[in-house]
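What follows is a single structure, written as structure tokens, with notes after it.
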Amino acid sequence: MKPAKTLALGLSIILMMTAAAPIVFAQADHVRWDIISVNFAPPFTTSAGGIASALAGGGSHITFTGSGTFVAPAGGDGSSSATTGGGTWTTYTSGGVVTGTGIYEVTGLVRWDPAPFPPGGPPPRTDLIDPTAQRSTGLAVLRISYSDGERGILVVACEGVTSPPSMFEGVTASKGFIDYKSPAAPVGGVDANRTLFHIE
């Protein structure tokens with residue numbers, strides 16, 4: 001076969017393969033996170049403005065309020081500085097004595113991993129945060145800056161009724177060299193330690 005015909009045939013095969021191949025465009029996730037408040041009497045609702053705590057060694061703990069947004073890179077890879085939000089923080093001794101309080105600001109996203117399990121459980125609740133967005137479980141790792149000058153990490157985790165036991169609901173955090181690594185678990189009838197994600 002002549003070189004010109006060989007080249008033409010090769011180009012034709014490449015064009016056919018390209019036309020037949022599916023084209024997939026990965027899109028960034030635009031996500032809102034909230035430490036939520038729920039009520040346990042009708043009308044059952046989910047709203048922003050809740051609290052969540054995490055414990056360090058020796059029983060000291062930190063309590064947060066907060067909400068915000070982030071843009072997660074397509075494919076779930078990499079960090080992002082496209083973040084907003086923050087909230088309040090208070091630290092306590094094991095005996096419940098306040099050792100510090102202030103506000104914090106989210107300064108970046110370390111990682112976002114959505115989970116395939118539907119959030120929430122019985123009874124059905126009216127979403128007062130963003131009823132038009134897709135509710136999601138998952139785990140977000142956020143960089144934060146505390147008002148006293150310290151830095152840290154806030155991990156926001158939301159599980160569903162069908163999630164595996166390896167997932168958790170609530171928050172963990174670091175503040176300076178203190179690691180509040182144990183999330184306070186949500187308890188039925190107590191409005192605390194619950195989170196929720198919304199994906200737009």
Side-chain angles (χ1 to χ4, degrees), residues 31-70 84-106 112 114-115 117-131 133 135-142 144 146-148 150 152-175 178-198:
V31 183
R32 171 170 174 159
W33 64 272
D34 287 274
I35 298 172
I36 61 172
S37 176
V38 299
N39 59 353
F40 297 93
F44 299 107
T45 59
T46 297
S47 60
I51 62 171
S53 300
L55 288 77
S60 61
H61 61 283
I62 188 168
T63 297
F64 291 95
T65 66
S67 63
T69 64
F70 57 82
T84 69
T88 65
W89 61 271
T90 305
T91 51
Y92 302 85
T93 66
S94 58
V97 177
V98 174
T99 56
T101 189
I103 62 174
Y104 68 93
E105 179 183 0
V106 177
W112 158 242
F117 313 104
R125 297 183 181 277
T126 301
D127 188 343
L128 300 180
I129 300 172
D130 189 349
R135 292 155 49 96
S136 177
T137 55
L139 185 142
V141 182
L142 306 169
I144 61 175
Y146 293 90
S147 54
D148 63 357
E150 292 194 312
I153 292 292
L154 176 64
V155 178
V156 181
C158 178
E159 64 178 0
V161 291
T162 59
S163 299
S166 53
M167 291 184 67
F168 74 92
E169 177 83 11
V171 301
T172 63
S174 67
K175 184 176 185 291
I178 305 297
D179 185 9
Y180 297 92
K181 61 184 179 180
S182 300
V187 176
V190 179
D191 183 15
N193 303 311
R194 292 175 174 84
T195 64
L196 187 60
F197 297 105
H198 290 81

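What you see is a predicted model; the values in this text were computed from it and never measured. Positions are given from 1 along the sequence.
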Could you tell me whether the side chain of [X] and the main chain of [Y] form a donor-acceptor pair under 3.5 Å?
X: Ser37; Y: Ser47; answer: no
X: Thr63; Y: Thr90; answer: no
X: Trp89; Y: Ile103; answer: yes
X: Thr65; Y: Thr88; answer: yes
X: Glu169; Y: Glu159; answer: yes
X: Asp179; Y: Ala56; answer: no
X: Asp191; Y: Asn39; answer: no
X: Asp34; Y: Ser67; answer: no

Would you mind reporting whether [Y] and [X] have side-chain heavy atoms less than 4.5 Å apart?
X: Thr91; Y: Ser60; result: no
X: His198; Y: Asp127; result: yes
X: Leu196; Y: Pro119; result: yes

Taking all non-hydrogen atoms of both residues into account, name the closest pair between [X] and [Y] and its distance.
X: Ser136; Y: Pro114; value: OG-CB, 4.2 Å
X: Ile35; Y: Phe64; value: CD1-CB, 3.8 Å
X: Asn193; Y: Ser53; value: OD1-N, 2.8 Å
X: Val171; Y: Ala52; value: CG2-CB, 3.8 Å
X: Ala140; Y: Trp112; value: CB-CE3, 4.0 Å
X: Arg32; Y: Ala48; value: NH2-CB, 3.9 Å

Thr84-Thr69 side chain donor-acceptor pair, cut-off 3.5 Å: yes

Spatial distance of atom OG1 (Thr99) from atom NE2 (His61) [nearest 0.5 Å]: 9.0 Å

Distance, nearest 0.5 Å, that separates CZ of Phe197 from CD1 of Ile129: 11.5 Å

Arg135 to Phe117, cation-pi by 6.0 Å centre distance and 45° axis angle: no

For Tyr92, the option from Val98, Val97, Leu55 that meets side-chain contact (heavy atoms from CB on, under 4.5 Å): Val98

Parallel, tilted or perpendicular: ring planes of Tyr104 versus Tyr146, cut at 30 and 60 degrees: tilted

